[in-house]
Amino acid sequence: MPDILADMKTLDLRSDTVTRPTPPMREAMARAEVGDDVYGEDPSVNLLQERIARMLGKEAALFVPSGTMANQLALRAQTQHGDVILAGEHAHVLQYESGGAAALSGVQIKTLGVGGFFDGPDVRAALHPRDHHYAPVTLVAVENTHTVSGGQIFPLERIRSVAEVARECGLRLHLDGARLWNAVVATGIPAATWAEPFDSVSCCLSKGLGAPVGSVVSASAETIERMHRFRKMLGGGMRQAGVLAAAGLYALDHHVTRLADDHAHARRLSAGLRELGLKVRSEPDTNMVLFGFDDVRGFLRATRSRKLLIDPIARGILRAVTHLDVDAADVEDALARIAESLIELRGSAPRDAR
Ligand SMILES: Cc1ncc(COP(=O)(O)O)c(C=O)c1O
């Protein structure tokens, strides 16, 4: 019997990290001028660092293998062992960096606000009295866009209110901007405006932008100097990393403005899921759609058997992410595969198709 699935394209909506470098990106990588970056002699790495520092209005930047390393260097360089840092609920630095903040920086993380978002008064309320019994709170970490909330944007006025209190109280501010580009494109607010209140900003090239590897952390020259040492300590010094930086430079030139397509696709996906009777958690701000389904395992089995990959992110909650390798037709195709899966699971036609 012919395998009718054999020619079917796998639609991978688990994350925007699953993209593969495009042929022109690979050509840019192959053409990259390189040198030994541990000696600071890789022209492509230097160009990428200078370019991102300029885009974010910071003095300097450092190319690192991952968003996790970018965040962890920022914490290590700006805190002391025993400090407390403040972060929103489900922050990546708290939940998904393998305990790095505790292991590498020796800091405790205290969460504040609701669902990843908070305001200046939340920061003030989280501070300890000035007394030697308490560990000092020294840094606030903001995540924009916030992954677990479904790529929601941290509103600029709320960031400014956080920054005002943080400055008044002498706290450092770090922005986990793994998907800052999505916030930039969705709002039209330039990256430098988003970055302005922060001492350090990490951003990724390997999420929506489609580069195979790479993140960049930006800050003052002095703070980057400290991070440079910790990057070495963690084994993150790379040699002819220009082949990777070239992918990042290509991504900045060609894959930023197109994030608007991913956002439009997420909105269409969200509308389509609602039409199928599924409960979408909120209208997507950027490229992620969170929706509920009680039988998550059944849903994943039914969709996987139709070559559609979606991630569960919490009990009864699934996440679909749009990205460079998913076009408008793929979104319609994904919705059709979900509709078929629902028929299988519910034993009848989905609500809108009856
Ligand atoms: C908000 C946020 N920060 C940091 C990271 C870490 O990036 P990486 O997987 O490159 O370590 C991620 C990964 O998805 C993320 O969503």
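All values below come from the heavy atoms of this structure, side chains included, with hydrogens, waters and symmetry mates left out. Computed from a prediction, not measured in an experiment: that's the story for all the values here.
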request  = Any chance you could measure C204, atom SG, to L209, atom CG, to the nearest 0.5 Å?
outcome  = 9.0 Å
So, the side chain of [X] versus the backbone of [Y]: is there a donor-acceptor pair under 3.5 Å, distance only?
| X | Y | result |
| --- | --- | --- |
| R319 | R14 | yes |
| W181 | L252 | no |
| R76 | L104 | yes |
| S341 | R337 | yes |
| N287 | T322 | yes |
| D37 | G242 | no |
| E143 | G88 | no |
| R231 | F63 | yes |
| R31 | A246 | no |
| K58 | V201 | no |

message = salt bridge (charged side-chain N to carboxylate O under 4.0 Å, His left out), that's the test. Do R20 and D12 meet it? Break it down for me.
response = CA-CA 12 Å; R20 295 188 170 84; D12 193 342; over 6 Å; no
[Y] and [X] side chains, donor-acceptor separation under 3.5 Å:
| X | Y | answer |
| --- | --- | --- |
| Q78 | D199 | no |
| T223 | R172 | yes |
| T286 | N182 | no |

key: Listed once per pair and sorted, the side-chain hydrogen bond (donor to acceptor under 3.5 Å, both in side chains) pairs that draw on residues 102-128, sequence neighbours left out   = K110-H128, D119-R158, R124-E168
Side chain to side chain, L180 and L56, heavy atoms closer than 4.5 Å = yes
request  = Please tell me if the side chains of L335 and E275 come closer than 4.5 Å, counting only heavy atoms from C-beta onward.
outcome  = no
message = Go through it in stages, so that I can follow the logic: the residues are Q95 and H90, the test is side-chain hydrogen bond (donor to acceptor under 3.5 Å, both in side chains), and I'd like the CA-CA distance, side-chain angles, deciding distance and then a yes or no.
response = CA-CA 6 Å; Q95 214 159 292; H90 311 296; 3.1 Å; yes
So, for [X] and [Y], which heavy atoms are closest and what is the spacing to 0.1 Å?
| X | Y | value |
| --- | --- | --- |
| K232 | V38 | NZ-CG1, 4.0 Å |
| M8 | R306 | SD-O, 3.8 Å |
| S202 | N71 | OG-OD1, 2.6 Å |
| V142 | V162 | CG2-CG1, 4.5 Å |
| Q72 | G100 | OE1-C, 3.2 Å |

message = Quick check on R304: does its CZ atom have over 12 non-hydrogen neighbours (other residues, nucleotides or ligands) under 6.0 Å away?
response = no
task = Kindly check if the number of other-residue, nucleotide or ligand heavy atoms within 6.0 Å of CZ (R258) is above 12?
result = yes
query = Where does the angle between the aromatic ring planes of F299 and F291 fall among parallel (under 30°), tilted (30 to 60°) and perpendicular (over 60°)?
reply = perpendicular
task = List for me each residue that meets ring-ring contact (aromatic ring centres under 6.0 Å, His included) alongside F198, sequence neighbours excluded, and say none if there are none.
result = none
note = ring-ring contact (aromatic ring centres under 6.0 Å, His included) filter on H323, not counting sequence neighbours, yields none
